[in-house]
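When a ligand or atom number is given, it counts from 1 through the structure's own listing order. What you see below is based on every heavy atom in this structure, not just the backbone, and it leaves out hydrogens, waters and symmetry mates.
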Amino acid sequence: MEAKTKDLWVFVETNEDGTAKNVGIELLTPGHDMAVKQGGALVAVVIGSGVDAAVQAASEHGADKVIVVDGPEYATYTTDAYAIALCTLVEKYGPTSMLIGATNNGRDLGPRVSCRLKTGLTADCTSLEIGSPDPESGNVAWTRPAFGGNLMATILCPDHRPQIGTVRPGVFKKGEAGEAKAEIIKEDIHVDAADIRTQILELIKEEGGETVDLEGAEIIVSGGRGVGGPEGYAPIKELADLLGGVVGASRAAVDAGWIAHAHQVGQTGKTVGPKLYIACGISGAIQHVAGMSGADCIVAINKDPDAPIFDIADYGVVGNLFEVLPVMIDEIKKLKA
Ligand code: FAD
């Protein structure tokens, strides 16, 4: 379809209590710059049931407009109801570009919507730029890892609108909340029960599955193959606890069964953006770096002075992590005392 406006849309997914998921608010940050370059408005789209809190959050984080679809049929995510609502809105307003968080639901919704609208979608983007090959085109250059993360591919969608991309949580940082100035547009889109082909009978939380809030953490202490085994995480955990942070891991350590997948950082784990990331015994493979290079400050501890992790570290310690970490822990304890 043809775009009717130069507006950039961000789909702000909601939690069951009507608050916004972080990733939607994070995407308003690049969305703002892209909308300015595109010469259009930044529009947040909120679909759910009882979603005032999410609307308020989007408005406080820079949306020029918030389009809201609020109804009981959206209380729990279903592909059909959400795809019908979002496609109806896109067909009515005709945005140029749309960003969707690569959550479980976002990864389901994005492709369904792009297919119905006969346009392109680039999944799991790590960077977004407007203006390729020239700014007038309004094309977004969607960059994402390809070939197992060994190279970064930049993808254009020059012939169809809206161009759509999904972005994983934690890739962009949430902006500071400011005054809520957005124009709120309420759209009444009713989806018949007969058009919703799936029914959620019951939500069962996984028992015993470890959860760890890596994406929201300000401090992460991560251990890789260099920790040598599950017991090697003891000083990592001690340092993380001392700093009020959480424990991360490389895939090599997760694959070895030393720590749960919930802790994995990287292309097939979580994308994180903490203030401080301490990488212990991690070589710095591209697939790991893809998930943590957005950290404000990276400290690497590795006994190999040529380890690639030192290329991206702000501070590097060449040494055995089992000698370095106890010294750091002691010094921090002294400072705290
Ligand atoms: P290694 O590369 O083996 O490095 C261990 C490091 O520890 C070395 O640099 C060594 O010098 C150092 N060391 C050893 N002992 C000590 C010690 N006592 N003190 C200090 N340093 C020590 N990886 C991820 O992490 N996350 C992902 O999401 C991910 N996704 C992937 C997706 C695909 C499609 C593919 C192909 C790979 C993926 N990988 C991912 C794997 C990635 O390529 C690397 O194999 C992995 O990151 C290596 O983990 P590591 O750095 O812990 O281990």
Glu231, CD atom: more than 12 neighbouring heavy atoms under 6.0 Å: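 Yes, the 6.0 Å shell around CD holds more than 12 heavy atoms from other groups.
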
Contact with ligand 1 for Gly319, non-hydrogen, under 4.0 angstrom: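 Checking ligand 1 against Gly319, which is what was asked, there is a heavy-atom contact under 4.0 Å.
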
Atom indices of ligand 1 within 4.0 angstrom of [X] heavy atoms, with elements:
X	value
Gly281	5 (C), 6 (C), 7 (O), 12 (C), 21 (N), 22 (C), 52 (O)
Gly224	52 (O)
Gly269	28 (O)
Gly266	26 (N), 27 (C), 28 (O)
Gln267	27 (C), 28 (O)

Option whose closest heavy atom lies nearest to atom 8 (C) of ligand 1, chosen from Asn302, Asp306, Ile309: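 Result: the heavy atom closest to atom 8 (C) of ligand 1 is in Asn302.
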
Nearest-option assignment for atom 14 (C) of ligand 1, heavy atoms, candidates Ala253, Gly228, Gly226: Gly226

Between Thr126 and Thr143: side-chain donor-acceptor atoms closer than 3.5 Å: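 No, no side-chain donor-acceptor contact under 3.5 Å.
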
Glu215 versus Asn22, side-chain donor and acceptor atoms under 3.5 Å: no

Using modelled atom types only, decide if a donor and an acceptor are shared between the side chain of [X] and the backbone of [Y] within a distance under 3.5 Å.
X	Y	answer
Thr119	Pro162	yes
Asn320	Phe322	yes
Asp7	Gly40	no
Glu238	Leu325	no
Tyr233	Trp258	no

Step-by-step side chain to side chain contact (heavy atoms under 4.5 Å, CB included) determination, Tyr74 to Val51: CA-CA 10 Å; Tyr74 307 110; Val51 289; over 6 Å; no

Nearest-neighbour protein heavy atom for [atom], which is reported as residue plus atom name and distance:
atom	value
atom 52 (O) of ligand 1	Ser250 OG, 2.6 Å
atom 47 (O) of ligand 1	Ala285 CB, 3.7 Å
atom 48 (C) of ligand 1	Ala252 CB, 3.9 Å
atom 2 (O) of ligand 1	Ser283 OG, 2.6 Å
atom 22 (C) of ligand 1	Lys303 CG, 3.7 Å
atom 39 (N) of ligand 1	Gln287 CB, 3.6 Å
atom 29 (C) of ligand 1	Thr268 OG1, 3.3 Å
atom 18 (N) of ligand 1	Asn320 OD1, 3.1 Å

Any non-hydrogen protein atom less than 4.0 Å away from atom 45 (O) of ligand 1: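 Within 4.0 Å: no protein heavy atom nearby.
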
Heteroatom proximity flag, Val265 to ligand 1, N/O under 3.5 Å: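 So ligand 1 has an N or O lying under 3.5 Å from an N or O of Val265.
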
Heteroatom proximity flag, Phe322 to ligand 1, N/O under 3.5 Å: no

Whether Tyr77 and Tyr82 hold their rings parallel, tilted or perpendicular, with breakpoints at 30° and 60°: tilted

Stepwise side chain to side chain contact (heavy atoms under 4.5 Å, CB included) test for Thr76 and Glu16: CA-CA 7 Å; Thr76 309; Glu16 303 239 318; 3.8 Å; yes

Minimum heavy-atom distance Tyr277-Ala295, with the two atoms named: CB-CB, 3.8 Å

